Undergrad: 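Before I ask anything, let me first share the structure, which is written out below as structure tokens.
One-based numbering, in listed order, for ligands and for the atoms of each. FYI, side chains are in, hydrogens and waters are out, and symmetry mates aren't considered; it's all heavy atoms of this structure. The chain is numbered in sequence order, starting from 1. Quantities reported herein were computed from a predicted structural model and do not represent experimental measurements.
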Amino acid sequence: MVDFTLTERQQELKKIALDYAINTVMPSAAAADLVPEPDQSFDWDLVREASRLGLRTLSVPRDYGGEGADVLTLSMVGETIAYGDLGVAVAFDQTWKIMTMLSHLTTEEQRQRWLPKVMDDDTCLLAIAATEPMSGSDTIVPYNEPEGGIRMTAEKKGDRWVLNGTKRYISNGGLAKVIYVMARTDLSKPPMESLAGFILTADTPGYACTEVWDKLGQRAVQNGTLEFNDVEIPDEDVIGEPGNALTELGGLLTRFGSNIQAGSTVLGVAQRAHDITLQYARQRVQGGTAIINHQIQQKRLARMQMLLDAARNYLWYAGWTTTQGNIDARAASLCKIFASESALKVTQEAFELWAGTGYMKKNPIEKLLRDALSFIHSDGTNDVLALKAARLLDEFGANDPRYSKRVEEAAAGL
Ligand SMILES: Cc1cc2nc3c(=O)[nH]c(=O)nc-3n(C[C@H](O)[C@H](O)[C@H](O)COP(=O)(O)OP(=O)(O)OC[C@H]3O[C@@H](n4cnc5c(N)ncnc54)[C@H](O)[C@@H]3O)c2cc1C
């Protein structure tokens, strides 16, 4: 049975997150968006407060002091924080994902060493570093020849690995105190057979964030270039089996709904755009009446609501399948595409209704439109996620009741 009735705890967390979004995040969000230097906009007090409320460590299992929140709960809370500001929500969403990885891809010994570091420091954010100047989508839908994909190298020297290379566009880059990074153990083998995952702290010698990218939206959070120059990682900080990281991490991120969480955060932006547009439509008078009384604007608002509901239901369905231990992997990718495209459409419709006023920076709509654009590419481009989902399509043969001989003949031109 599919049941989206929220548990008491989920309702409580939603309330905590909404209060945090409206009263803590929102008051400074517009100003943070306008800070010209991209490395100056992040507000650590927001992280301290989220830690106090238990929001930062939501995905850490209860045995280690966290909330042990499932994907559905993380999605709901992520959407709610993004209602206040998308960049702030991304800072936590990335942190939750790596905490999930640290909780499920690690040995007990690694959990005992790493999770307390994350739990005990109320400003500990995390990052995942895969993308490189010459490798983006190649990691999401792997190009399986040795010359494609990640170029960062990990060379084994005794009981240590030495990492060299550059990562870019990394969310929480320059903010994260703990970083998960992927590197190739052997450039003569395809990435599927030669990637390893490593965990390190930001004070490890040879590691540095050398650039914080100036970007269109999500301006409250940082995206960094990370340089690794002879960074030494001890054997005990290799995550999983060296060579198999792409399969292990890809499987984990699918199982624990990375794309579902991403789609949920951008939906928070669209919900905010809808809500303030509804208010504006009730107050703005043109043609002798509030513009909400013009039928065409009523239709616009109804369609915005429809997209929000449909996207949320899709995300929650995909999230729900993860809680059943049998994820619908295709839906898990496709729902992020639908949510991010719907979010963009909703904010664009809002922009139309606000007209000239929406174009002005003094008003909130143009920021929401810039924010909504980010998830068309982030967490995998929508094209590439569609490609990934298409590869999961069932192939049916002649014994399947859906199979039609006539279709086969038509395809052969008979
Ligand atoms: C806001 C933001 C936050 C991010 N955060 C992180 C992060 O925390 N960690 C991280 O590792 N990365 C992060 N990224 C990087 C992001 O994952 C990449 O931008 C994304 O995977 C695409 O890579 P690319 O930009 O190099 O584009 P490319 O891979 O160069 O793609 C260019 C175009 O080609 C298309 N394309 C690529 N391959 C194929 C194919 N096989 N078939 C058909 N079309 C194809 C793409 O869809 C796209 O339209 C972030 C990006 C953004 C914008």
Undergrad: Is any NZ, NE, NH1 or NH2 atom of the basic residue among E67 and R9 found under 4.0 Å from an Asp or Glu carboxylate oxygen of the other?
TA: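 Salt bridge between E67 and R9, a charged N being under 4.0 Å from a carboxylate O: yes.
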
Undergrad: Side chains of P242 and W161: closer than 4.5 Å at any heavy-atom pair?
TA: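 Contact flag for P242/W161 side chains = yes.
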
Undergrad: If we only count heavy atoms from C-beta on, is the L308 to L267 side-chain gap below 4.5 Å?
TA: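 Side-chain contact under 4.5 Å: yes.
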
Undergrad: Quick one: ligand 1 N/O to protein N/O pairs below 3.5 Å?
TA:
unit_1: ligand 1; atom_1: 5 (N); unit_2: Y169; atom_2: O; d: 3.2
unit_1: ligand 1; atom_1: 5 (N); unit_2: S171; atom_2: OG; d: 2.9
unit_1: ligand 1; atom_1: 8 (O); unit_2: Q94; atom_2: NE2; d: 3.2
unit_1: ligand 1; atom_1: 8 (O); unit_2: S171; atom_2: N; d: 3.0
unit_1: ligand 1; atom_1: 8 (O); unit_2: S171; atom_2: OG; d: 3.4
unit_1: ligand 1; atom_1: 9 (N); unit_2: I128; atom_2: O; d: 2.9
unit_1: ligand 1; atom_1: 11 (O); unit_2: A130; atom_2: N; d: 2.9
unit_1: ligand 1; atom_1: 11 (O); unit_2: T131; atom_2: N; d: 2.9
unit_1: ligand 1; atom_1: 11 (O); unit_2: T131; atom_2: OG1; d: 3.1
unit_1: ligand 1; atom_1: 12 (N); unit_2: T131; atom_2: OG1; d: 2.7
unit_1: ligand 1; atom_1: 29 (O); unit_2: S137; atom_2: N; d: 2.9
unit_1: ligand 1; atom_1: 29 (O); unit_2: S137; atom_2: OG; d: 2.6
unit_1: ligand 1; atom_1: 47 (O); unit_2: T381; atom_2: OG1; d: 2.7

Undergrad: Is any side-chain N of the basic residue among K15 and D19 closer than 4.0 Å to the acidic one's carboxylate O?
TA: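 Salt bridge: no.
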
Undergrad: Any carboxylate oxygen within less than 4.0 angstrom of a Lys/Arg side-chain nitrogen, looking at K117 and D121?
TA: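 No, no charged N to carboxylate O under 4.0 Å.
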
Undergrad: Partners of A220 by side chain to side chain contact (heavy atoms under 4.5 Å, CB included), sequence neighbours excluded?
TA: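 If we apply the side chain to side chain contact (heavy atoms under 4.5 Å, CB included) test to A220, skipping adjacent residues, the hits are A32, D85, V88.
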
